[in-house]
Every structure is written in C-alpha cells, then in structure tokens.
Amino acid sequence: MKSSFNFARIMGIPIGINYSWFVIFFLITATLGQYVFPWLYPDWSTPVYWIVGLCTSLLFFASLLAHELAHSFVAVRRGIEVRSITLFIFGGAARIAREAPVASTELLMAVAGPLSSVALAGVFALIWLLSRNTLEPLAAMSIYLCWINLALAAFNMLPGFPMDGGRVLRSIVWWRSGSYMKATRVATLAGEALGCLLILSGLAIGVLVYWFNGLWLALVGGFLFAAARASYRQAVLRDSLQGLTAQELMTGDCQMVPEQLTLETLVNEYLLPAGHGCLLVGEWGRVRGTVTLQDTKLVPKRRWHITPVAEAMTPVEKLGVVYPGDDGLTVLERMQEGDIGLLLVVSGE
Ligand SMILES: [Zn+2]
C-alpha cells in the first residue's frame, strides 16, 4: 500500500501527504481548540475555539510547506531536480534528486528554508499588529503562527545533519576544507550527537514535566540520529562507487537454471551448495527472470517440491536494467529509485 498521496503540484513538484500526517494534524488542531485557545482567551465560544484551532493548524502546515518550497526553489534554480515534497508526522521533507554539487549551492539551499520561516513570522506579526484591537481571533491565530514560525526556523538551524543547520555546517566545512567527505563526517557526527541530546532531554522532560512532550522530543531525536547515520553511510557508499562502472561492479558468473526446476531442487542443488546470491532463470541463453533465496522464502516449504522456479522468480520485466558502461552512482540511484537489490547489466539491444 502507498503510504502517501499527492494533492497538488507547485513549480512542477508533486506535493504529497503521508497518512501519518493526519495524526499530528488532529493532535495539533485538538490541542489548540481544546486547551491552548480556551486557556489564553477564556471568553470565546466553543465553535470559535475549534474554527480558529483548525485554521491555525492548517496555516501551520502551509508554513511548513512554504519552508520546504523555499529549499526546493533554490534547488530548482540551481539545476537540481526536486522529486516531491511530502508532509508527514515529523514535519515536511523535500526529496531532492541529488546532493548539491558545490558548497555554495548547499549553503543557499539550506538557509532558504529557515529564512522563509522568519519572513512568514514577519507577515504574521504584521497581521497581528493590524488586527489585535479589532478582531481578537485573527490576532490570536497570527501571533501564535508568528511564534511557531520563529521556533521552526530556530529548531531547524540546530547544527546537526540532515537538519538545515547541519547542512549549513557541512557547506562551511566543505568550503573551508575542500573535502566533501570530511564535511559530511563532521556534520553527521554533529547530527548523531544532537539526536542523542534530544533523546536524553526528551526522557528528562517526559519524567519531570509531561510524558507526551518528552516522548515526542525523544522520537524526533531518534529520527534525527538514524537519519544522520544513514546519510553518512550513503555518502561513504557514493564515495566508494565513484569512478567505477557497472561492468566492474557486477558478478559475471551467474548460473542459469530452467524454469520448470522445482524450488526444492533449486535450493538444495543450486542455491545452498554454490553459495550464489542469485541465479538467472531461463533457457537457451534467454533470461526470463532471476531467483534468490529470498524469493523462495515467499513459498511455503511444504510446497517446494511441486512449485516450479517460474512461480517464485522475479520476472525480467520487473528487474532494473543498467548498461556495462554506466557509472557506479547511476547504478546506485537506479537501485534506490526502484527499491531493488538486484540489477541486470545488459549489453547490446
Ligand atoms: Zn528546512
């Protein structure tokens, strides 16, 4: 099942909502309508609390979207494709096709988001100034959104990769040292440290103040820690693949088995003894698919002796294809795009 759906397209970028977003949207709307506004403004009526709560919540997420669009705007202007922007439980995320090629682009892309949040805070402050003596609900909403946008800018500027502040840190170290890998190491280590710090403060707040806020902060910290770690691994992988071709990365000794072979024979006589990770399925040199030990596990073991390989294999139409001369980064991107662990390297037609 897809975990998100697209609802708009801005600057050619599909804007999506992950289903997890509805949880946070409901929580924020309910907190504002049920507690925050009734506490701050005791003399409104119940429907007003909920309408203002709903509008504030929607505008908060519109602000998050504007923040991501600001990052994306710079990326697109600098020739980097933005695949999508998605709102999810921890905020918004823009999926950018590739990393910035130079430090200055990374710096500009990173600061654009927090700057847009500060600018939005200014707009909401202005609305608050104009409405505070005439329309209290509008003023209440505006001042809340002003503060939340300032908080958003400040939080995002914390210097741990992959947060905006961490990207700023990386671009500066990259620019000063000239080493992308060193800069990534410094910024992702800072991200891991920051993640740990957030987890610890979350636990402390959870025990001493209020469990929900503490748990939330700890979860954000855990998310940041994992993202920092994954970003560094990704950078190392990219670095080690640079300059290699698909031909140099592939295994050439893939054995071929016929489609009618039973899974039992396949596992006992081919997969287990040879220790091959993958086998080609087909005959007369024509590849119909591939089969791995993982594929066979999808069929119950008691049916192995009557199930032909053809039923368990991944058909060739579903496999990604690269050419021998493609470079290592293309291979990696193709695998990550399709979320597949195997690619066929083909030559000729
Ligand atoms: Zn940002």
Side-chain angles (χ1 to χ4, degrees), residues 4 8 10-11 13-18 20-21 24-25 28 59-78 80-100 102-124 145-174 183-184 186-188 190-195 197-198 216-217 219-232 234-235:
S4 55
I10 303 175
M11 299 189 299
I13 305 164
I15 313 293
I17 285 183
N18 185 285
S20 67
W21 173 80
I24 190 68
F25 175 65
I28 289 183
L59 282 169
F60 166 58
F61 287 105
S63 303
L64 271 183
L65 191 59
H67 176 113
E68 293 307 324
L69 278 169
H71 287 306
S72 305
F73 179 72
V74 177
V76 170
R77 287 298 294 268
R78 292 262 169 154
I80 297 173
E81 185 200 347
V82 181
R83 296 231 168 91
S84 64
I85 295 177
T86 310
L87 291 175
F88 71 121
I89 197 160
F90 292 127
R95 254 186 81 218
I96 301 203
R98 57 191 168 84
E99 297 284 346
V102 288
S104 62
T105 301
E106 166 130 70
L107 181 66
L108 277 179
M109 265 165 69
V111 296
L115 280 181
S116 74
S117 297
V118 171
L120 275 173
V123 171
F124 286 119
L145 288 165
C146 168
W147 284 117
I148 205 89
N149 271 295
L150 283 180
L152 203 66
F155 184 74
N156 274 291
M157 280 307 285
L158 288 176
F161 196 89
M163 300 222 300
D164 298 337
R167 290 181 183 277
V168 170
L169 174 65
R170 175 164 83 173
S171 66
I172 292 170
V173 179
W174 185 3
T184 305
V186 170
T188 53
E192 286 180 30
L194 189 62
L197 200 66
L198 291 182
W216 193 256
L217 198 59
L219 279 175
V220 171
F223 181 74
L224 177 63
F225 181 85
R229 197 148 258 220
S231 305
Y232 182 64
Q234 174 84 5

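Ligands are counted one by one from 1 in listed order, and the atoms in each one are counted from 1 as well. Both backbone and side-chain heavy atoms feed into the values below; hydrogens, waters and symmetry mates do not.
Applying the ring-ring contact (aromatic ring centres under 6.0 Å, His included) test to F155 and every residue at least two apart in sequence or in another chain returns nothing.
With a cut-off of 2.8 Å, the protein N/O/S atoms near the Zn ion (ligand 1) add up to 4.
Atom CG of L158 sits about 5.0 Å away from atom CG of L194, to the nearest 0.5 Å. Rounded to the nearest 0.5 Å, atoms CZ (R78) and OG1 (T105) are 4.0 Å apart. Distance check, rounded to the nearest 0.5 Å: OG of S171 to CG of L169 gives 8.0 Å.
Ring pair F25/W21 is parallel by interplanar angle, where below 30° counts as parallel and above 60° as perpendicular.
Not one N or O on the side chain of T188 forms a donor-acceptor pair closer than 3.5 Å with the backbone of S231.
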